Amino acid sequence: MTFIQKLKSSIQTTASCLCIGLDPNLKKIPEPVKREHTSPEDQVLYFLKSVIDNTSDLAAAYKPNLAFFEALGSQGLQVFKEI
């Protein structure tokens, strides 16, 4: 299946063309997430997975912003891959 086919299918499934940007700014991670997860990488991973889990029925696509992940160093790239 091509990217366009996947996108069209997702748009039909969600009845939406919403694309959510995933721009993990550590300064904006909620305090409860910071208290529960000590490393920045774990905070970002947990928070973005929560965003995706809570919006998957609304969003046709997600766009991770690589620069925010690169700012976390080599571990940030691992988080990027996992997301």
Side-chain angles (χ1 to χ4, degrees):
M1 182 180 282
T2 67
F3 171 77
I4 295 299
Q5 290 169 325
K6 287 179 183 179
L7 181 58
K8 284 181 180 180
S9 175
S10 186
I11 289 170
Q12 285 181 332
T13 300
T14 60
S16 169
C17 59
L18 176 65
C19 177
I20 296 178
L22 301 175
D23 309 329
N25 184 334
L26 290 175
K27 294 178 184 174
K28 296 184 179 182
I29 298 288
E31 286 303 318
V33 173
K34 289 180 180 181
R35 284 193 298 271
E36 188 175 332
H37 302 276
T38 55
S39 77
E41 298 83 14
D42 288 344
Q43 293 170 4
V44 167
L45 186 60
Y46 177 83
F47 180 70
L48 292 182
K49 281 186 174 185
S50 296
V51 169
I52 292 167
D53 288 347
N54 287 290
T55 61
S56 62
D57 61 329
L58 305 171
Y62 296 90
K63 187 217 170 275
N65 187 331
L66 184 58
F68 284 89
F69 293 89
E70 289 174 334
L72 297 171
S74 62
Q75 291 297 322
L77 295 179
Q78 185 59 38
V79 173
F80 178 80
K81 286 180 184 179
E82 193 165 337
I83 290 297

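All values reported here derive from a predicted model rather than from experimental measurement.
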Do you know the tightest heavy-atom contact between [X] and [Y]?
X     : Y     : value
Val44 : Pro24 : CG1-CB, 3.4 Å
Ala60 : Leu7  : O-CD1, 4.3 Å
Leu72 : Pro40 : CD2-CB, 4.0 Å
Asp57 : Asn54 : OD1-O, 4.1 Å
Leu77 : Leu66 : CD2-CD1, 4.0 Å
Ile83 : Leu22 : CG2-CD1, 3.7 Å

Around atom OH of Tyr62, are there more than 12 heavy atoms from other residues, nucleotides or ligands closer than 6.0 Å? yes

Short question: side chain of [X], backbone of [Y] - any donor-acceptor pair under 3.5 Å?
X     : Y     : value
Ser50 : Tyr46 : yes
Gln43 : Val33 : no
Ser39 : Asp42 : yes

[X] side, atom [atom1]; [Y] side, atom [atom2] - distance, nearest 0.5 Å:
X     : Y     : atom1 : atom2 : value
Lys27 : Lys34 : NZ    : NZ    : 9.5 Å
Leu45 : Lys49 : CG    : NZ    : 4.5 Å
Arg35 : Ile29 : CZ    : CD1   : 13.5 Å

Side-chain heavy atoms nearer than 4.5 Å, only ILVMFWY residues, links allowed to pass through others: does that put Ile11 and Ile4 together?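 Yes; Ile4 is reachable from Ile11 via cluster members.
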
Run Phe68 and Leu48 through side-chain contact (heavy atoms from CB on, under 4.5 Å) and show every step you take. CA-CA 12 Å; Phe68 284 89; Leu48 292 182; over 6 Å; no

